[in-house]
**Student:** 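First the structure, which I've put down as structure tokens, then a few questions once you've had a look.
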Amino acid sequence: MTGKVWLVGAGPGDLGLFTIKGLEVLQNAEVVVYDALIGDAVLTLIPDQAEKINVGKRSGSHRMVQEQINSTLLEKALEGKRVVRLKGGDPFLFGRGGEELELLVENNIPFEIVPGVTSAFAVPAYNGIPVTHRDYTSSVHIITGHRRSSGNTHSIGRAEASRNEKAAGSAAASVCENADASNEISGVTDSSVETDTSGRSDGLGIDYEALVRTKGTLIFLMGLSTLPVIMQGLLRAGISPDTPAAVLERGTTAGQRRVLATVSTLEEETDRARIEAPAIIVVGEVCRLAESFAWAEKLPLAGKKILLTRPKELISGMAARLRKMGAEVLEMPAIETVPIQPNPLLENCFKTDPDRSSGPWTGGRIDWMVFTSPTGVRIFMDWFLTDHDIRALAGIRFAVIGEGSAKKLRQYGIRHDFMPSVYDGETLGRELAQKIRQETRRETDLTGDSPIPEPHVRVLIPRAAIGSRELIEELEKAGSIELLDIPTYTTEYVTRGIIDARGQIEKGEIHYAVFTSASTVRGFGEVMKGADLSRIKAVCIGRQTRAAAQAQGMETRMAQKATLDALLDAVVQCAAEDRKS
Ligand code: SAH
């Protein structure tokens, strides 16, 4: 049976601009063939088990050439796979989407197209530039600024490219795309760029006179390295040198920046701002509106890229909240929780006589159960309820470390009996010990006899195999407590993933990492072994988490309270301070 190919637009970067249909298709993909310009957040949605083929990456100086991409799609479809061809922005706009379909059509491979939000419109919008406006313009034109690639192209940066152009004048046709560090054309591969073939003198083949005559908004994609050539072309064609123009860098992401100038000054201003690809050029009166319409940079977390590491199954709520406040979020599950199965230690605690279905447990009465994380609650409950009825827990009292665990417990129909004043292991241990001591004292007071044997309280703590010591130490101090500290799950480090988080951290592109547990910090440290983490600020939910982050060499900030709300506040606070300094 043949498979099928979906040509899917991933949008310009911001996860929220990926379409619902694109998401559905992606989540069902068995093979994903993707380019370099896909937003990290979209990439993290590629299913773990899908085969991932990166055709945008330069190995040496070669990307996969277009023919190879075409045949890869065909090959995988003939294997019967559901293949997603993921492209930046919209797949048909300067993306050679059409050409990728030809081979499929020839071979009768079924396909679907899922359009995407194009950078040509979304990036101006995120900069407060409406591409048309009745008072200014009634048309908009999208033009490629990419030079036709020739056999002897080599990669050079924009500065060098423009220097070459100046030296060689407007006929600097040998200048090539700025593809290396900045990936100007990433999103399309070298040969996959739709280029002009008319061979006009500046090598771009643009009919500047026609463009200027339209008086429309002009949007150039892939034009950063040829910016001087384009501006000169427009000027020669008679555009007013004072026409507003803008260069918009990495729009809709945390790296979004904007240069506002005029046609005559845009090159200089762009150089001064050291703008890098990807960027689009907008020429037209509408650029003026950015001053008053710009909005994205006003969000509290604008310009911040935040790494979120949590156990895989917990991810998402926090990410959505950070995104709503304007952050670009990279979700990286550093650890995965794996239940310990079978678990004889735990089974011993809940053994009953064969002829009874519930307690008393032959292993001894259990007075308290202590949960130190929502994951701990979930794993215990799922295990317990496989063989028991919830009523079998009647009589046991429940202590939780904080709101998250309490909420999880409620999902199983149980309300907690105890929560500490501060949500950390040490406080939980100390305050619970205090409570138990008070209660047992009261009991012994009532009996009135002395000397009385130390009352014996049994406390079960089902938790991570690498749980912290503080909780146990505090409880042990209380003396009369028998502790059953039983590991119910292990945390495993996840190293797979197609995003180069390490590289981004080292380049200073990731500003904060948000941590909700010490074990996650340790998992993260493991994955990032050897990386210099001093450039990243760790925003931590509590003291133990912070200590773990400090041990990894990260600058830290701790939430006022160990709740997700307070953690979010701490992130916003950091951003506000950064903005000031
Ligand atoms: N199909 C894509 C365009 C591919 S051509 C789309 O519809 O958006 C690649 C060019 O798109 C880049 O050189 C740059 O000019 C532009 N581009 C893509 N993403 C961008 C972004 N986030 N910010 C600025 N320009 C972007």
Side-chain angles (χ1 to χ4, degrees), residues 7-19 22 34-43 55-56 63 66 69 85-100 113-127 129 131 140-147 149 155 157-158 161 176-196 204 218-227 230 246-259 270 273 275-283 290 296-297 303 305 328 509:
L7 193 53
V8 178
D14 182 352
L15 179 65
L17 300 180
F18 186 36
T19 66
Y34 64 97
D35 287 321
L37 212 65
I38 314 294
D40 285 345
V42 175
L43 289 180
V55 295
R63 296 171 190 228
Q66 190 61 46
I69 297 174
R85 173 70 176 110
L86 196 58
K87 287 172 164 290
D90 179 86
F92 279 167
L93 188 71
F94 302 141
R96 272 207 167 182
E99 286 158 65
E100 293 183 5
I113 318 287
V114 183
V117 173
T118 177
S119 63
F121 293 157
V123 173
Y126 269 49
N127 281 279
I129 301 175
V131 291
V140 54
H141 310 270
I142 306 173
I143 308 114
T144 170
H146 183 68
R147 232 178 265 274
S149 47
S155 308
R158 169 175 151 67
C176 27
E177 75 275 6
N178 165 18
D180 194 10
S182 34
N183 271 324
E184 163 125 45
I185 57 153
S186 44
V188 280
T189 56
D190 279 6
S191 57
S192 74
V193 179
E194 284 178 5
T195 46
D196 172 86
L204 298 181
L218 309 179
I219 297 175
F220 294 89
L221 269 59
M222 297 179 282
L224 191 59
S225 61
T226 51
L227 188 147
I230 295 170
V247 168
L248 312 175
E249 179 187 13
R250 284 187 276 178
T252 82
T253 73
Q256 170 165 318
R257 289 199 299 157
R258 157 177 80 241
V259 169
T270 304
I275 295 292
E276 284 183 10
I280 72 170
I281 303 167
V282 185
V283 176
E297 61 251 41
K305 187 158 186 178
E328 182 178 357
E509 287 173 357

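It should be emphasised that the depicted structure is a prediction, and the values quoted were computed from it without experimental measurement. In each ligand, atom 1 is the first atom listed, and ligand 1 is the first ligand listed. Starting from 1, each residue takes its place in the sequence as its number. Heavy-atom basis, side chains included; hydrogens, waters and symmetry copies ignored.
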**Student:** Heavy-atom distances under 4.0 Å are what count here, so tell me which part of S119 touches ligand 1: side chain, backbone, both or neither.
**Tutor:** both
**Student:** On a heavy-atom basis, which atom in A122 and which in L17 lie closest, and how many Å separate them?
**Tutor:**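 Minimum heavy-atom contact is CB-CD1, 4.1 Å.
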**Student:** If we only count N/O pairs under 3.5 Å, is T118 in contact with ligand 1?
**Tutor:**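 Between T118 and ligand 1 (N or O atoms, distance only) the closest approach is under 3.5 Å.
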**Student:** Side chain, backbone, both or neither: which part of R250 has a heavy atom under 4.0 Å from ligand 1?
**Tutor:** backbone
**Student:** Could you tell me if any non-hydrogen atom of L37 lies under 4.0 Å from any atom of ligand 1?
**Tutor:** yes
**Student:** Are K305 and E509 within salt-bridge range, i.e. N to O under 4.0 Å?
**Tutor:** no
**Student:** So is G95 touching ligand 1 or not, going by heavy atoms under 4.0 Å?
**Tutor:**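 In this structure, G95 fails to qualify as a contact of ligand 1 - no heavy atom is under 4.0 Å.
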**Student:** Any atom of ligand 1 sitting under 4.0 Å from a heavy atom of P12?
**Tutor:** yes
**Student:** Output yes when E100 and K87 qualify as a salt bridge under the 4.0 Å nitrogen-oxygen rule, no when they do not.
**Tutor:**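 Yes, this pair counts.
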**Student:** Any atoms of ligand 1 less than 4.0 Å from a non-hydrogen atom of L248? List them with their elements.
**Tutor:**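 Those atoms are 24 (C).
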**Student:** Is D90 close to ligand 1, meaning an N/O of one under 3.5 Å from an N/O of the other?
**Tutor:**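 Between D90 and ligand 1, an N or O pair is found under 3.5 Å apart.
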**Student:** Does ligand 1 have an atom that lies less than 4.0 angstrom from a heavy atom of V123?
**Tutor:** yes
**Student:** Has G13 got any heavy atom lying under 4.0 angstrom from an atom of ligand 1?
**Tutor:** no
**Student:** Near F94, which atoms of ligand 1 are under 4.0 Å from a heavy atom of that residue?
**Tutor:**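 Per the distance check, 4 (C), 5 (S).
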**Student:** Show me the side-chain donor-acceptor pairs of residues 7-15 shorter than 3.5 Å, one per line, residues at least two apart or across chains.
**Tutor:**
unit_1: D14; atom_1: OD1; unit_2: G16; atom_2: N; d: 3.0
unit_1: D14; atom_1: OD2; unit_2: Y126; atom_2: OH; d: 2.7

**Student:** For I129 and L248, what are the C-alpha separation, side-chain angles and deciding distance, and is it a side chain to side chain contact (heavy atoms under 4.5 Å, CB included)?
**Tutor:** CA-CA 10 Å; I129 301 175; L248 312 175; 4.2 Å; yes
**Student:** State whether the shortest distance between N or O atoms of L93 and N or O atoms of ligand 1 falls below 3.5 angstrom.
**Tutor:**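 Yes, since at least one N or O of L93 sits under 3.5 Å from an N or O of ligand 1.
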**Student:** If every non-hydrogen atom of I280 is compared with every non-hydrogen atom of S119, which pair is closest and at what distance?
**Tutor:**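 The pair with the smallest heavy-atom distance is CD1-O, 3.8 Å.
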**Student:** Less than 4.0 angstrom from a charged side-chain N to a carboxylate O is my criterion; do R96 and D35 meet it?
**Tutor:**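 Between D35 and R96 there is no salt bridge, as every charged N stays at least 4.0 Å from the carboxylate O atoms.
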**Student:** Go through the steps to decide whether I142 and F94 satisfy the test side chain to side chain contact (heavy atoms under 4.5 Å, CB included), and finish with yes or no.
**Tutor:** CA-CA 10 Å; I142 306 173; F94 302 141; 3.6 Å; yes
**Student:** Could you list the residues that satisfy salt bridge (charged side-chain N to carboxylate O under 4.0 Å, His left out) with R257, not counting sequence neighbours?
**Tutor:** E249
**Student:** Return a yes/no value for G251: is any of its N or O atoms, backbone included, closer than 3.5 angstrom to an N or O of ligand 1?
**Tutor:** yes
